[in-house]
Amino acid sequence: MLRAKITLVVVAAAALAMTLAATLSYRGVSDVVAEQFDRALQDRAVTVVALLGVSRTPPVRPDTTEQVVEAGGAVRPLDPGRVALPAPESALGVARGERDSAREDITVDGAEYGVLTVPLPGGGALMVAQHYAGAERIDHAFLWRVPWTTVAATALSALLSWLALDRILRPVRRLARVTRDITTTQDLTTPLPSAGRDEIGQLTRSFASMLAALRRSRAQQQRLVQDASHELRTPLTSVRGSAELLQRGRGRLAPEDEEQILTTLVTEAAALDTLVRELVDLATDRSTEEEPAEVDLTAAAEEAAHRHRRRTGRTVTVTVHGPVPVRARPRAVRRCVDNLLSNALKFSPEDTPVTVHVEGARLSVRDHGPGIAPDERSAVFGRFYRGPRTQAVPGSGLGLAIVHDLVTADEGTVFATAAPDGGAEVGFRLPPHAPAAR
């Protein structure tokens with residue numbers, strides 16, 4: 001469960017951070033306690049020295065012992081009821097005037113004392129010893145509270161993380177539930193949850209865009225299947241009818257009738273082959289595997305014109321005015337120019353030329369055929385469209401549809417217009433190639 005995993009990570013990080021903070025705090029508190037302990041020794045020593053200077057006895061403190069150390073090593077407690085503490089060598093050095101002061105820790109009967117020795121004005125030294133019990137109580141109390149504070153803070157962070165993650169992940173769970181329903185039902189019209197402005201909203205909008213693309217793709221596939229089934233039925237019916245007629249009249253048909261039936265079979269089979277090939281190209285578009293690159297429209301036009309001249313023996317000319325390189329898929333551009341030329345040669349009389357014109361990032365093919373009516377200039381790029389004046393001309397009605405799909409995939413546009421002195425001018429525009437910035 002994502003929520004539990006994230007909570008566990010947050011709690012672990014919080015516990016680690018709090019443990020580190022507690023450790024640093026403990027060290028800081030210990031240093032402060034030690035500093036205060038030493039300051040208390042110094043203050044007590046100054047007070048006792050001042051009182052002894054005016055022949056007064058300092059007030060007794062339960063955790064502190066004061067004693068005078070003579071230069072010869074004798075020790076005299078200021079409080080007669082206290083046991084004399086051993087004088088370390090450093091304290092004797094202060095009493096003899098060899099040192100300015102001394103700070104030592106000593107242990108007596110298992111009790112640890114902090115000892116400060118300072119010189120007396122009349123000779124000798126004063127030893128002030130303070131029991132560490134008070135400092136240890138503060139240290140232990142702080143050390144005891146740290147684990148409980150850390151545990152409580154960690155538990156609170158776990159609770160807050162759990163509640164916060166529930167609120168954060170709630171839109172993700174809703175989105176996951178809806179996408180799971182879409183996967184199960186295959187209903188691409190299922191609405192997605194409302195999208196906010198955060199990253200989850202961006203994810204939701206991305207899913208919505210993906211679903212819209214899937215809906216368009218499914219609609220296009222369904223339309224392609226419906227149109228293909230309709231278009232395939234006509235040549236198949238003709239082939240089947242001719243084959244059955246040839247089968248029933250075997251040996252009884254006149255040679256010219258058999259020749260006509262065989263010609264029909266060959267023609268319809270060729271049309272069926274062309275239709276199937278273009279349907280496959282339209283459905284798969286192998287050019288999408290190609291990366292866009294810089295394309296020279298003039299070179300593409302010259303190559304296509306050369307191929308069609310050699311194949312058909314027709315007159316195909318190329319004119320150029322201010323060409324610029326375009327950014328597109330090279331194979332896709334060649335296919336578009338080939339389809340435009342094939343379409344123009346098919347509808348143009350054999351004794352008329354076909355012209356390919358390149359101007360800037362625009363390529364057009366001009367023929368001398370029946371032309372395209374104004375209300376058909378957008379429809380001619382639809383799949384299987386055949387205008388009223390071109391119904392008698394063989395073809396699949398897919399050539400310009402393929403041009404449209406390939407050009408728009410490269411962010412270009414297609415157009416169809418009437419030529420000034422008859423015929424049609426059909427072509428496309430592609431975005432100019434922008435050189436990479438250095």
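Values reported hereafter were calculated over all heavy atoms of this structure, with side chains retained and with hydrogens, waters and symmetry mates removed. Everything numeric here is computed off the predicted structure, so don't read it as measured data. The first residue in the sequence is number 1, and the count goes up from there.
Checked options V407, V358, L430; the residue passing with L363 is V358 (criterion: side-chain contact (heavy atoms from CB on, under 4.5 Å)).
A donor-acceptor contact shorter than 3.5 Å is absent between the side chain of H306 and the backbone of E302. Put simply, the side chain of R329 gets close to the backbone of L406: a donor and an acceptor are under 3.5 Å apart. Side-chain atoms of D296 come within 3.5 Å of backbone atoms of T298 as a donor-acceptor pair (strictly under, hydrogens ignored). Counting only distance, with no hydrogens or angles, the side chain of S348 and the backbone of H368 share a donor-acceptor pair below 3.5 Å. Not a single donor-acceptor pair under 3.5 Å links the side chain of T64 to the backbone N or O of R61.
Among all heavy-atom pairs drawn from V326 and A361, the shortest one is CG1-CB, 3.6 Å. Between A416 and F381, the shortest heavy-atom distance links the atoms CB-CE1, 3.9 Å. Shortest non-hydrogen contact noted between A328 and D410 is CB-OD2, 3.5 Å. Across every non-hydrogen atom of A304 and V337, the tightest pair is CB-CG1, 3.4 Å. Taking every heavy atom of both residues into account, E411 and P431 meet most closely at O-CD, 3.7 Å. Nearest heavy-atom pair across V295 and V333 is CG1-CG1, 4.1 Å.
Residues V356 and T317 form no side-chain contact, since every pair of their non-hydrogen atoms from C-beta on lies 4.5 Å or further apart. Between S342 and H308, the closest side-chain pair of non-hydrogen atoms falls below 4.5 Å. Within the 4.5 Å cutoff, no side-chain heavy atoms of E359 are placed close to those of P323.
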Check: Taking it one step at a time, do R103 and V115 satisfy side-chain contact (heavy atoms from CB on, under 4.5 Å)?
Finding: CA-CA 6 Å; R103 174 70 172 83; V115 180; 5.5 Å; no
Practice task
Show your working on side-chain contact (heavy atoms from CB on, under 4.5 Å) between T312 and L345 and close with a plain yes or no.
Solution key: CA-CA 9 Å; T312 64; L345 290 169; 4.2 Å; yes
Subject >> Derivation and outcome, salt bridge (charged side-chain N to carboxylate O under 4.0 Å, His left out), residues E425 and R362 >> reply: CA-CA 12 Å; E425 185 178 9; R362 179 181 184 271; 3.7 Å; yes
request  = Could you check V414 against V403 for side-chain contact (heavy atoms from CB on, under 4.5 Å), going step by step and ending with a plain yes or no?
outcome  = CA-CA 8 Å; V414 294; V403 172; 4.2 Å; yes
For a side chain to side chain donor-acceptor pair (under 3.5 Å) check, start with the C-alpha distance between H357 and T319, then their side-chain angles and the critical distance, and finish with the verdict.
CA-CA 5 Å; H357 181 64; T319 60; 2.6 Å; yes
| message | Using the rule given for side-chain contact (heavy atoms from CB on, under 4.5 Å), can you reason through L341 versus V316, listing the C-alpha separation, both sets of side-chain angles and the distance that settles it, and then say yes or no? | response | CA-CA 9 Å; L341 275 173; V316 180; 3.8 Å; yes
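Rounding to the nearest 0.5 Å places OG1 of T417 at 8.0 Å from CD1 of I372. To the nearest 0.5 Å, atoms OG1 (T65) and CZ (R44) are separated by 9.5 Å. Atom-to-atom distance recorded for H433:NE2 and E294:CD is 4.0 Å, nearest 0.5 angstrom. Atom-to-atom distance recorded for D367:CG and L340:CG is 10.5 Å, nearest 0.5 angstrom. With values rounded to the nearest 0.5 angstrom, T413 atom OG1 is found 9.5 Å from H404 atom NE2. The CE atom of M127 sits 9.0 Å away from the CD atom of E104 when rounded to the nearest 0.5 Å.
Residue pairs satisfying the salt bridge (charged side-chain N to carboxylate O under 4.0 Å, His left out) criterion with at least one member in residues 305-319, sequence neighbours excluded, are listed as follows: R307-D338.
Residue-environment remark: CD (E350) stays at or below the threshold of 12 foreign heavy atoms within 6.0 Å.
Remark: R429 qualifies as a cation-pi partner of F415 under the 6.0 Å distance and 45° angle criteria applied to the six-membered ring.
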